[in-house]
Protein chains: 2
Amino acid sequence: MQARRGRPPNKDRNFDDTKEALLLAGMAILTERGFNTVGIDMILKRVGVPKGSFYHYFKNKDDFGLQVIARYDDYFCAKLRRCLASDPMSPLDGLAAFVSEAIEGMEKYRFTRGCLIGNFGQEMPILSEQFKQPLAQCLKHWSSLLAQNLEQAKSLGKISSTVDSTRQAEFFWIGWEGAILTAKVMQSADPMVKFSEGFIQQLTTTQ
Amino acid sequence: MQARRGRPPNKDRNFDDTKEALLLAGMAILTERGFNTVGIDMILKRVGVPKGSFYHYFKNKDDFGLQVIARYDDYFCAKLRRCLASDPMSPLDGLAAFVSEAIEGMEKYRFTRGCLIGNFGQEMPILSEQFKQPLAQCLKHWSSLLAQNLEQAKSLGKISSTVDSTRQAEFFWIGWEGAILTAKVMQSADPMVKFSEGFIQQLTTTQ
């Protein structure tokens, strides 16, 4: 375990700014490539932090990976909350807004980026045990936010009162990981459209 | 491009047997690890084929990858046909049989293996363009088999005649890729159970 050492190498940025820049670069790179194939050098280079100063900010590569996951969870939950709340009187339109934004994001990066959690998930067999819980926690946070949205839809009579919001929210995120992955395979947003439309359709026709 | 050269290095096996053994080893290893992180040496070593004789069987690593995908598609379609036909009078039980077998497989390998197509999909940004169509074709083949099964369920009155079998089959495979990936994240079959149960439930309650 390494403690913070020396001064931050870039005098124009303070410690927290540089750390945040490294985490954001990590998010961008690790939504595109696997944790094990990405070298620390690549991250440091993108941020313009000299090689060798990594341990100034993180204990080791696993610590960096775990902090990127936590930062991604914060970013994703904030985005999800914003989308879901976009029309309080029509909660399912909030889910559709999230889907539209996700499609825009995938198209913007030509289907090279995906879900950070999915990428880590593919590497679980070769990742340290300590990654398991934080990754599972992200999916729980997102399920909880979507379940609240579905409860709101129930209270407004937009979906049947018999819908199990928790179960449906879990179902959505399980399948959504597949929609992102399949969109990467197909190099097309088509699977994201088909999955989200199918999900909303079955939700609104369930009695 | 390399042509077949010399004699097969293992005198106890003929050319086709050795090639098949290499493809099967490729399937096993590439359902666990990414194509780009796996070296040819690892495959040759597992099969007991001397290093350097790879080009006797394949033009290059991409050719090997593409042939592994084709072999996996054959294997997977045969398995799917067998499961789906397990009870012709109850087609949805065939789907449940497929899910049970998939869960057994994931548990047997302690959630280290997943879907070969999903693994390649994660690597699409760094794969050659020629992988795109064969991967997409696999998903089309599986959708076609499941759609036939759903048509059979419709003709037997097990699901509503208004169900769009093609659309539902596509929906299943998109989401199933996510179920496999999320099972790897959670190191648990729970997402596979939840996704398949949710899918069958919505299918049987759709009017």
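Hydrogens, waters and symmetry mates are skipped; everything else that's a heavy atom, side chains included, is used. Predicted model, so just to flag it, every value in this text is computed and none were measured. Order of the sequence lines fixes the chain letters, A, B, ..., with proteins taken first and strands second; residue numbering starts at 1 for each chain.
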Original post:
Taking the side chain as C-beta and beyond, is there a heavy-atom pair between L181(A) and L181(B) under 4.5 Å?
Top reply: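 SC-SC contact between L181(A) and L181(B) confirmed.
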Distance-minimising heavy-atom pair for [X] and [Y]:
X       : Y       : value
G121(A) : K184(B) : O-CB, 3.7 Å
G175(A) : F195(B) : CA-CE1, 4.2 Å
F171(B) : F199(A) : CE1-N, 3.6 Å

**OP:** Please round to the nearest 0.5 Å and tell me the distance separating atom CD of E177(B) and atom CD1 of I174(A).
**Re:** 14.0 Å
Original post:
To the nearest 0.5 Å, how far apart are CD in Q201(A) and CD in Q202(B)?
Top reply: 8.5 Å
Subject >> Pairs of heavy atoms under 4.5 Å with chain B: top-ranked of M124(A), R167(A), E197(A) >> reply: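 Top count of heavy-atom pairs under 4.5 Å with chain B: M124(A).
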**OP:** Considering only heavy atoms and a distance below 4.5 Å, find which of R33(A), M186(A), R110(A), K194(A) pairs most often with chain B.
**Re:** K194(A)
Original post:
Under a 4.5 Å heavy-atom cutoff, which of T112(B), N36(B), I117(B) has the most pairs with chain A?
Top reply: T112(B)
Original post:
More than 12 foreign heavy atoms under 6.0 Å from CD of Q133(A): is that the case here?
Top reply: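 Open.
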Original post:
Is the count of non-hydrogen atoms from other residues, nucleotides or ligands lying under 6.0 Å from K79(A) atom NZ greater than 12?
Top reply: yes
**OP:** Spell out, as yes or no, whether a donor-acceptor pair under 3.5 Å connects the side chain of Q122(A) to the backbone of G114(B).
**Re:** no
**OP:** Please flag which part of L139(B) lies under 4.5 Å from any non-hydrogen atom of chain A: side chain, backbone, both or neither.
**Re:**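 It is the side chain, since no backbone atom gets that close.
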**OP:** Please flag which part of T182(B) lies under 4.5 Å from any non-hydrogen atom of chain A: side chain, backbone, both or neither.
**Re:** side chain
**OP:** Please look at E170(A) and chain B and tell me whether the side chain, the backbone, both or neither of the residue comes under 4.5 angstrom of a heavy atom of that chain.
**Re:**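 Only the side chain of E170(A) comes within 4.5 Å of chain B.
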